[in-house]
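Encoded as structure tokens, the structure appears first; notes follow it.
First the proteins, then the strands, lettered A, B, ... as listed; each starts at 1.
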Amino acid sequence: MQFEFDQSAPLYQQLADQLAEMIFTGLFAEGEQVPSTTQLSQELQINPATVLKGMNQLVDEQLLEKKRGRGMFVRAGAQERLTTKRREDFYHDYVVSLVAEAKKLGIEEAHLLDLIKRGYDHGQV
Amino acid sequence: MDKFKVRGISKRYGKKRVLDNLSFELEPAKIYGLLGRNGAGKTTLLNIITDRIFANSGQVLLGDATVAGNRAALAQIYLMSEADLVAKHTKFSELATVLDATYGFDFTEARRMLAGFDLDDQAVLAKLSTGLKTAAKLVLALNVRANYVFLDEPTLGLDANHRELFYQELMKTYEARPRTFVISTHLINEVQQLLEGVIILDDSKIIKDQPVADLLANAYEISGPAAKVDEYTAGLTVLTSRQLGKIKTVTVVEPLPDQRVIPDQVKLAHLDLQHTFTALTNKGGN
Amino acid sequence: MNKQVLTLTKWQGKAIAKAVAVALAIIIGLDLLFGLIGLIGGASIGSWTSMLTNFLGTLSGILGFIAFFWALCFPYQLFKSGMAVGATRKGIWGANAILLAVMVVLIWLVDLLKDLVLYASKGLSNFADGAGISLATAFAGLATVAAVGAGFALLSRRGKLLVGVGLPTVLIFLGIVALRVLVAVVDKDPNRFNNHALLSLSGAAGTALFWAGLIGWFLLMTALNYWFFTRTQLRRD
């Protein structure tokens, strides 16, 4: 399991975020079952209540759904929902710090735009 | 299931006050950590709430009934103690049978767990090494059908592999049969993720009694230029303080003032449970 | 009797039974050994009666010794074991009391059997009285030892030393003094004791007063024993 936890945020939040990432990258496709609370709890040695809290958050965000007697599955449209959300957060998560760093280094706005253009031309994204 | 209530427990040994008016509650089916430095009174507290020694004052209740001398209540409470209490030649299987009479015992599950630790039920506890003895006692503790299970130093002598196995088995049995566990241990980092609530005992008093997530949400390490750090933490209770040249690092365990802006070169990080604990219980830090 | 007391009794009972078996095996083994050596040396085999009574006498002696020893020295270990398995103090006391009672009855039965074999000629009615008294006395005696043992279990290490060494010393000293006084008095006036004390003591056996006293003492010791048990706590040493 590709989980890594630190003290940056509550454990249940980190778990939810990392599961969301796995859904976003397609590791768990839509309609696919994700590991159960039991499995995660035992595998990662995390209190089941914490695991449940994280997964319930993803249910609230409509990324996961509970199928009676069968477990938790990735909900249809989850990937799209995540993309939309991340687009909304893009400015705050990336642009703000990028501009701040550029300013620290004395990079002018025009120069920064040039760099970004270079990234689109050369980068793989 | 009933709540486990401790009210106003005090205990003196001679002139020394070991426990001072302790009160707390345990909820059913939750995993708690009971943390405290050596000599803080953890074992004394555990012995009092399981009716092995008498407090000088206070009450222990399960639901509305006092626990002391109460057979029905005591059949819901189990303490895995650090000390070796049974006679030297006692076998695991004997103990399991006797425990079954008071609590009910999961023989099949126990055998499976024993195998995981390379033990079998004919083992004579006193003849095992410290680590294996702990493992055997653990298997007993995880398979009694009690609703409140107290584990005093459950990792004593266990090697890393066995500790991981213990944590796995704990999670497994907790999910299969939800009940309250209270773990008293010094290996705080290892159990942090297993706990829901934490009770910290320091110098005969309870200094923290809250969900782990809540405690850690307000546990910070603040570092930066000494003057800026001091300015930012003015009015807060600084628990520990270190200085490396111009850089000062302090710890606080309380909510940070929202309206105060974090100065430019000052970095904030959350503490893990172990560092939070050491910060709270370090004498001479203030 | 509840399940807990029953299980505790069985558990502790097994341990005692093992101890008895081991002790018996050793003593009988030694007996046989010496008997064999004697045979080789030319001695004759005793009658079956004497061998049986020897065996029974040994058995009751061992049982008696173990009961005495156990009542005196094991209450605290019992308490610890009980605590480890979630028993109540009452339950532990109950198991202890049952076991001691069983041992007393066993010892008495074995003694009875031995006397039967030996004095087959005597009528059974002669037994009843003596047997009843010896049973009651045995109960009272063991209850006393049990109370002492339980009280002992309450004491700290230092208390144990004080009482365990100090008290016998004091008692022995007092005993010697009493003996000397007794000897001195009897010397001066031998007739004095012929009437009252000794006669009335032997005459008392079997009277209502004697029984009342015995039963009263037994109840007192049992109550003390129970009280000690309910005050026992786990010790740090």
- Note on the structure: Turns out that what part of B/Thr44 lies under 4.5 Å from chain C's heavy atoms comes down to neither
- Task: Check whether C/Phe79 gets within reach of chain B through its side chain, its backbone, both or neither, counting any heavy atom under 4.5 Å.
- Result: side chain
- Side chain, backbone, both or neither: which part of B/Asn47 has a non-hydrogen atom closer than 4.5 Å to chain C? side chain
- Query: Among B/Thr102, B/Leu74, B/Val98, B/Leu99, which has the most heavy-atom pairs under 4.5 Å with chain C?
  - Reply: B/Val98
- B/Asn21 and B/Ser10: side-chain contact (heavy atoms from CB on, under 4.5 Å), yes or no, with the steps? CA-CA 5 Å; B/Asn21 201 26; B/Ser10 293; 4.1 Å; yes
- Task: Below 4.5 Å from any heavy atom of chain C, which atoms of B/Tyr78 appear? Answer side chain, backbone, both or neither.
- Result: side chain
- Query: Side chain, backbone, both or neither: which part of B/Ala87 has a heavy atom under 4.5 Å from chain C?
  - Reply: both
- Task: May I ask you to check if B/Lys172 and B/Tyr174 form a cation-pi contact, with NZ or CZ under 6.0 angstrom from the six-membered ring centre and within 45° of the axis?
- Result: no
- Do the numbers put B/Arg145 on top of the ring of B/Phe105, so that NZ or CZ is under 6.0 Å from the six-membered ring centre and no more than 45° off the axis? no
- Task: Please determine, among B/Arg52, B/Glu94, B/Met80, B/His89, the option with the most heavy-atom pairs under 4.5 Å with chain C.
- Result: B/Arg52
- Is the CZ atom of B/Arg12 crowded by more than 12 outside heavy atoms at less than 6.0 Å? no
- Pair B/Phe150 + B/Phe4: ring centers closer than 6.0 Å: yes
- Item | Atom of C/Phe229, atom of C/Pro75 and distance for their closest heavy-atom approach | CZ-CB, 4.3 Å
